[in-house]
Each structure stands twice: as structure tokens, then as C-alpha cells.
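Reading through the C-alpha cells given below for one structure.
What you see is a predicted model, and the numbers here were worked out from it, not measured in a lab. A, B, ... follow the sequence lines: proteins, then strands. Residue 1 opens every chain.
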There are 2 protein chains.
Amino acid sequence: MAKNNAKQDLKPISNPKISNSVEDYLKAIWMTAQDGAASTNALAEQLNIAAPSVSAMLSKLQNLEFVVYERYKGASLTESGKAKALELLRRHRLIETFLFESFDYSWDEVHDEAEQLEHAVSSQFIERLATFLDHPTHDPHGDPIPCPNGNLPDTPNTALAEAESGQSFVVARLLSQAADVLSYFAKLGIQPGKELKIIEFEPLGGLVHLLIDDVPRALSKELAMIVRGDIVKTPTV
Amino acid sequence: MAKNNAKQDLKPISNPKISNSVEDYLKAIWMTAQDGAASTNALAEQLNIAAPSVSAMLSKLQNLEFVVYERYKGASLTESGKAKALELLRRHRLIETFLFESFDYSWDEVHDEAEQLEHAVSSQFIERLATFLDHPTHDPHGDPIPCPNGNLPDTPNTALAEAESGQSFVVARLLSQAADVLSYFAKLGIQPGKELKIIEFEPLGGLVHLLIDDVPRALSKELAMIVRGDIVKTPTV
DNA sequence: CTTATAATTTAGGCATGGCTAAAAATAATG
DNA sequence: CATTATTTTTAGCCATGCCTAAATTATAAG
Ligand SMILES: [Mn+2]
Ligand SMILES: [Mn+2]
Ligand SMILES: [Mn+2]
Ligand SMILES: [Mn+2]
């Protein structure tokens, strides 16, 4: 008859199972500010939660020592908070990879499912999953998967918009979580691994003309900022 | 800026995402009573939740029309409640099968993980999973996996305790969720698919002596009631 | 440097799902 | 059938997270 008698000690022994919400907040802080401070509004926006609720949660996270928070000045992760955030990010991206590779999820479907599953899986599950997938370093969007120790694999990060006429560009990553943006890229055939040939940049509007699978296409500057990768001087033969 | 403005209409349009708790209660009612009525205490026991909490939840389930509930007389599932319960059971058992087959989970580890995951996966995930596993009919414990329409595949259900000296018995199912019981069976090599030879039953204590993988073993009557399967008159050659 | 605007916090609620202690109903027993 | 024992419900709390409306504080403009 053990029941739920945890009652909470003053300093929780160690693993009082962080709630889904707390996990998502920590991840959001990391995504918004990495090592800097994330503002209340930015987090409210990211999480789609009203600002006062965020305010309250930031105080709570401070008590849990996941965050350093000063009123009106935003919150930044402590070491322990950062570790939790990266752990969740690892889970999220491994799950996305799995859904994409093994379950034929489309590119813009993986995120929502992973957003839920990330909270439900055990660490045993995650390590078995990593093994099953042969320890991938990047997810289907090209985002780096944090290692168990929190290291982030290197990731090419030159924007397509920074390339020049005549160059080739290998896509490594798409810096967007918006489903409509992602499926638009998918429709164009722009995905990690794909090689693009830049025909030319328009002088003023910033439009870029390029060849995707030998088909001529045009992309706005905004979208060309989202596409990240490497410039290749010597096109593959 | 949609926010969480659902507010709940009088009759919820259709899918206001049932909570984990509600799902677990419905499953517990099904497991405790199938089509009959489950008592408050039985559910409290199953779910490891205090009886007053169960009482409150049963009223709530009645309002949601998942249950017919009369004070002091227990609750029984409505059609809609039963459908939800079987849907969850399907998720649970498919997930257990997956963990066992693809992730090398041991037999007694699958349950706890599935207990969480079952609430987090979408129906898209579940149908992809079913395809991935090639539409299994039974989980690693031999429990039938409900079909999407709620049908339960047939399952051999003769207790080992009902067999007779000299007969062979093919294990199909182990009617227990207790991790210690399951790992004890695992240690003995008793698992779905295994063929046992019954040497003899002790006349009074009910102990059964049998051959498992040609090794002589003894099993108590209690355990022999948990092992379910088919009696085979003609041992395989 | 004052005022208008924007960001953030406080105040006050609400829903969900737990708990314990005490009352009430049902079931079992002499 | 009266009394005890068991089961179940009621009453009263609490924690978590979310919300809106109303301060308050910071920031930007004039
Ligand atoms: Mn999430
Ligand atoms: Mn991703
Ligand atoms: Mn569950
Ligand atoms: Mn099972």
C-alpha cells in the first residue's frame, strides 16, 4: 500500500520526475536564449502560453534551481537546467529521426508527435532507440542531436543566402519548425543532403535563382536564410 | 494567437483529448470487470489510488458518459467507454510488443514503459506501428491485442493446472502483470510458445512436476493457474 | 525629463486529480 | 435482527498549471 506519499522533502533526493510543462519550459528557454537570458514574452510566444503564466513558472523554475531569474530581466538556465533541456532535446530529435526513418512520417509531421513522446519515454528507451538508429548525429531537419553528455555535434551553418552565383551548396539543415515552411521546402525537394546550384542573385530584392534536381527555381531571401549548409566550390562529378 | 480558449461547450464537439487519468480508469474498469460493474475498492487497488479519489472520478466518468455508475454499486462501461478502453489496450499491447521485439526489452520491463507511452502516441503512430510489426495478434505476455474495431483475437485459455499427468502443454499466455512473477517465469523458461511436459501432479498440495526444455521442475498450483495455453495430446515429433 | 507605449508582474480565478479524516451505507455475524 | 465490520461516499484540503484583468515597471519618443 505505498500510495503516492512522496510529500516532497525540502531538497528532493534527486529524481522527482519533472513535469511535462517544466521540461517544455526548459527546452524553450534553451531554444530562445541558449546561454543568455530569455524574456517572458519570448517564452510566452514560443510556448503559446499567456505571459502571466510564464512569469509564475519562471519563479518556480528558480526555486527548482533550473534557472536564474530576476524580475523584469528574464531567465537563464543553470547548469542543471541546461542539462535537463539538452536531455529533452536529445529525446525529441532522436524520436523525430525514428519517426522519419522507420515509420515513414513526413518531414513536417514528426515534430508534433515528438513533442508529446519526448516526455513519455524512459532513458532506457532513449538509449535503446539511439542504438536501434545507429547513433545518428542529426535529426531529419538537420538539427544536431545532443550527446548523452550534452555535447552538440558540429553542424554546417552557412545560409544559402550567403552563397554566391555559380557556387554549389549542400543543404544540411532547415532552421524552421513551421509545418507550412517545411512542407514547402519538401515540395521543392530542398532537404538535408540535397545539392543546389546557384544560378544568380537578383541585385535588389534578394531573390535567389537556383537549380534543384536540375530544375530552375527561385527562392526569397527569407527562405534562403533558413536553408543552412556548406558551399562547395568543386561540384561533385 | 489561438491560446487554450476551449472553455468546453456543453456537449464537447467530439475529441477534447481524454486525460491520461481518465484513460487509465477506463482501462482499469475493463480489466476488472469486462462487461460487469467494477467496485470502487477494486479500482483503487488496481490503480493504486485512494478510494475517495476513485469515487470522485467515477462520477466524472458518468458525466462524460463513459460509465454507468450508481452510488455504492460500482461502475460499468458504456459502449463509448468500452471503445476507449479497448483502444488504449490496443495501444498498450502493441507498444509492449514493439519494445520486446525491436528494443530487446525483457519481458517484465515492457509493462511500465507501455503504461506511459500508451497515452502519448497518436493514432497515426499506432497504425504505423501495427504495420511495422506486421499486425501482431498477441503481445509478449500472450494477451490478445484488440483490433481497431474492438474485436479481441481468440486466445487459448486452459490453465496449466487443469492439464493431466503425461500430457503436453503449449504455453500461450501468462495471466499476470506482476514483474516478479513474470521474471520468475522467464527464469524458468516458461513463455508463450514453449512446450511443457507434465510429469505428474502431487495428490494433495497441487504441486505440478514438469519438464521444461527437458529439465525437471516443479510449480505451485497458484503459478500453474497463471500459465494458460493448450493441451496437446500428440507431442510434436 | 516627461509622457506614452510596451513588457512584465500581481491579484484573483478555475479545472484537474490527488489525499486524509469522518460520516454513511451496505454486508457480515452472532 | 441487532451489532459489528467493511465499503463507499462526503467534506475539506492541496499542488499544478493555466487564464484574464489590473497594476507596475521599463523603455521609447517627444
Ligand atoms: Mn514537449
Ligand atoms: Mn527537428
Ligand atoms: Mn497508462
Ligand atoms: Mn501485456
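- Here C:dT16 is the nucleotide among C:dT16, D:dC19, C:dT8 with the atom lying nearest to any side-chain atom of B:Lys60.
- Between A:Arg90 and A:Glu127, at least one side-chain N (NZ, or NE/NH1/NH2) sits under 4.0 Å from a carboxylate O, which counts as a salt bridge.
- Going from atom CG of A:Leu58 over to atom P of D:dG17 covers 13 Å, rounded to whole Å.
- In this structure, the CG atom of B:Asn63 is 13 Å from the P atom of C:dA15, given to the nearest Å.
- Heavy-atom contacts from other residues, nucleotides or ligands closer than 6.0 Å to CZ of A:Phe132 number more than 12.
- As a whole-Å value, the separation of A:Ile18 CD1 from D:dG17 C1' is 16 Å.
- In this structure, A:Asn20 atom CG and C:dT16 atom P are separated by 18 Å, rounded to whole Å.
- Within 4.0 Å (heavy atoms only), A:Thr40 reaches sugar-phosphate atoms of the nucleic acid but no base atom.
- Residue-environment remark: CG (B:Asn151) exceeds the threshold of 12 foreign heavy atoms within 6.0 Å.
- Taking only side-chain nitrogens and oxygens, A:Ser39 never comes nearer than 4.0 Å to OP1 or OP2 of C:dA7.
- Residue contacts shown for A:Ser21 are limited to sugar-phosphate atoms, with no base heavy atom under 4.0 Å away.
- Annotation for A:Lys187: atom NZ does not count as buried by contact number, only 12 or fewer foreign heavy atoms lying within 6.0 Å.
- One can place NZ of B:Lys17 at 15 Å from P of D:dC18, the figure rounded to the nearest angstrom.
- Of all nucleotides listed (C:dC19, D:dC19, D:dT10), C:dC19 comes nearest to the side chain of B:Ala50.
- Rounded to whole Å, atom P of C:dG17 lies 10 Å from atom CD1 of B:Ile49.
- At whole-Å resolution of the value, CE in B:Met57 and P in D:dT8 are 17 Å apart.
- Between A:Ser53 and D:dC19, a side-chain N or O to OP1/OP2 separation shorter than 4.0 Å is present.
- A salt bridge is absent between B:Arg128 and A:Glu113: the closest approach of a Lys/Arg side-chain nitrogen to an acidic carboxylate oxygen does not fall below 4.0 angstrom.
- Residue A:Ser55 has a polar side-chain atom (N or O) positioned under 4.0 Å from OP1 or OP2 of C:dT9.
- For the pair B:Trp107/B:Ser183, no side-chain contact is recorded, criterion being any heavy-atom separation below 4.5 Å from C-beta on.
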For nucleotides 21-27 of chain C, give me every protein contact, N/O to N/O, under 3.5 Å, one pair per line with atom names.
from	atom 1	to	atom 2	distance (Å)
C:dA25	O4'	B:Tyr72	OH	3.3

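- Between A:Asn41 and C:dA6, a side-chain N or O to OP1/OP2 separation shorter than 4.0 Å is absent.
- The number of heavy atoms from other shown groups lying within 6.0 Å of CZ (B:Phe103) is above 12.
- Each of B:Gly74 and A:Tyr25 was matched to the nucleotide of DNA chain D holding its nearest heavy atom; the match closer to the 5' end belongs to B:Gly74.
- Note: CG (A:Asp24) to C1' (D:dG17) measures 13 Å, nearest angstrom.
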